[in-house]
Enquirer: 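The structure follows.
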Amino acid sequence: MARRWTNRLTENDITPEAAFLNRRQIMAGALGAAGASLMGLPQAAHAEALTPHPWEDITSYNNYYEFGTGKDDPAQNAHQLTTAPWSVTIDGLVERPGQYAFEDILAKMTIEERIYRFRCVEAWSMVVPWNGFELADLLNLAGVTSDAKYVAFETVLRPEEMPGTRTRVLDWPYVEGLRLDEAMHPLTIMATGIYGRDIPNQNGAPLRLVVPWKYGFKSIKSVVRITLTDKEPPTSWNKANAREYGFYSNVNPEVDHRRWSQASERVIGGGLFAKRQPTLMFNGYEDEVASLYKGMDLTRFF
Ligand SMILES: Nc1nc2c(c(=O)[nH]1)N[C@H]1C(S)=C(S)[C@@H](COP(=O)(O)O)O[C@H]1N2
Ligand SMILES: [Mo]
């Protein structure tokens, strides 16, 4: 199995949210765009020290269609979701199938901070300081059997709490899937927090998948079921439009969406810092994950 992944950034490198906001204000007041780049803000997309987006951006510009298709609908509506008690059913090709209570899972997991690039298929991006644990640790808790090849995920479906599910914009519940080696990769996490606080409902409380080298829609929210299978599982956006959304959906600047280019992305935040930046192969995680796809035609398996 994949080696444990070590965060390049340490706790000491994390910009406290307040300090970050403060610096942004200071710079917005004192400097023009040229000044900003002189100050060493990441112009090159390969900059190692990723500066997380403010809490406000991360929690007010969302995609969570169960609460509506507008970017601000989730922040308006997701408070209706009951997130406690919560449990995750882990079943299929596992040694210990069952309903795992969220608290029992948390008690056994090590929560880490992971500052990841996040790239939506709609060609916008942010940097998010997630808190969470490696999905591999959760799967090992249930004991994956040797015939398992894929992992299927399902979001909670509660029409009475989720106004968007009363329309047929997608085939509910929202479902996603990974190949087992992708799921076991140390970059793949289940997030339970942002900026050290509990993850807000609009971002997928109480726990959601985060796969940083894939388009954002793979990172399924508010997970209630994880099923190990030997067949590639159906995924919501592929079911909705198979020509536009493949199973893999790895971030790839060279494979365009049928209706737009994926070569660059709009960085959320606007104002002085509004800019497009080049999109990176595997969203900047090429060194870590390219080996998973060795020999695969990434145009065909998009
Ligand atoms: N259940 C569910 N999960 C979902 C979505 C959704 O509509 N429903 N949207 C996806 C998309 S398109 C993106 S870009 C990310 C957005 O995550 P964020 O709102 O935390 O930034 O969630 C993904 N997970
Ligand atoms: Mo997305």
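Keep in mind that this is a model prediction, so the values were computed, not measured. Order of listing sets the numbers, starting from 1, for every ligand and every atom in it.
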Enquirer: Looking at the rings of Tyr65 and Trp237, which for Trp means the six-membered one, are their centres under 6.0 Å apart?
Expert: yes

Enquirer: Would Arg117 count as a cation-pi partner of Tyr285, with NZ or CZ less than 6.0 Å from the six-membered ring centre and within 45° of the ring normal?
Expert: yes

Enquirer: If you group Ile, Leu, Val, Met, Phe, Trp and Tyr whenever their side-chain heavy atoms sit less than 4.5 Å apart, what else falls in with Phe302?
Expert: Val255

Enquirer: Which donor-acceptor pairs under 3.5 Å do the side chains of residues 146-154 make with protein atoms, sequence neighbours left out?
Expert:
unit_1: Asp147; atom_1: OD1; unit_2: Thr145; atom_2: OG1; d: 2.5

Enquirer: Enumerate, one pair per line, all nitrogen or oxygen atoms of ligand 1 lying under 3.5 Å from a protein nitrogen or oxygen, stating the separation to 0.1 Å; write 'none' if no such pair exists.
Expert:
unit_1: ligand 1; atom_1: 1 (N); unit_2: Glu66; atom_2: OE2; d: 2.9
unit_1: ligand 1; atom_1: 1 (N); unit_2: Thr155; atom_2: OG1; d: 2.9
unit_1: ligand 1; atom_1: 3 (N); unit_2: Lys221; atom_2: N; d: 3.2
unit_1: ligand 1; atom_1: 7 (O); unit_2: Tyr65; atom_2: N; d: 2.7
unit_1: ligand 1; atom_1: 8 (N); unit_2: Glu66; atom_2: OE1; d: 2.8
unit_1: ligand 1; atom_1: 9 (N); unit_2: Asn63; atom_2: O; d: 3.2
unit_1: ligand 1; atom_1: 17 (O); unit_2: Arg208; atom_2: NH2; d: 3.1
unit_1: ligand 1; atom_1: 17 (O); unit_2: Lys221; atom_2: NZ; d: 3.4
unit_1: ligand 1; atom_1: 19 (O); unit_2: Asn62; atom_2: ND2; d: 2.9
unit_1: ligand 1; atom_1: 19 (O); unit_2: Asn63; atom_2: N; d: 3.4
unit_1: ligand 1; atom_1: 19 (O); unit_2: Lys221; atom_2: NZ; d: 2.7
unit_1: ligand 1; atom_1: 20 (O); unit_2: Asn203; atom_2: ND2; d: 2.9
unit_1: ligand 1; atom_1: 20 (O); unit_2: Arg208; atom_2: NH1; d: 3.0
unit_1: ligand 1; atom_1: 22 (O); unit_2: Arg208; atom_2: NH2; d: 3.4
unit_1: ligand 1; atom_1: 24 (N); unit_2: Ser219; atom_2: O; d: 3.0

Enquirer: With a distance cut-off below 6.0 Å to the six-membered ring centre and an angular limit of 45° from the axis, does Lys218 pair with Phe247 as a cation-pi contact?
Expert: yes

Enquirer: Show me the pairs that pass side-chain hydrogen bond (donor to acceptor under 3.5 Å, both in side chains) and involve residues 72-86, at least two apart or across chains.
Expert: Thr82-Glu161

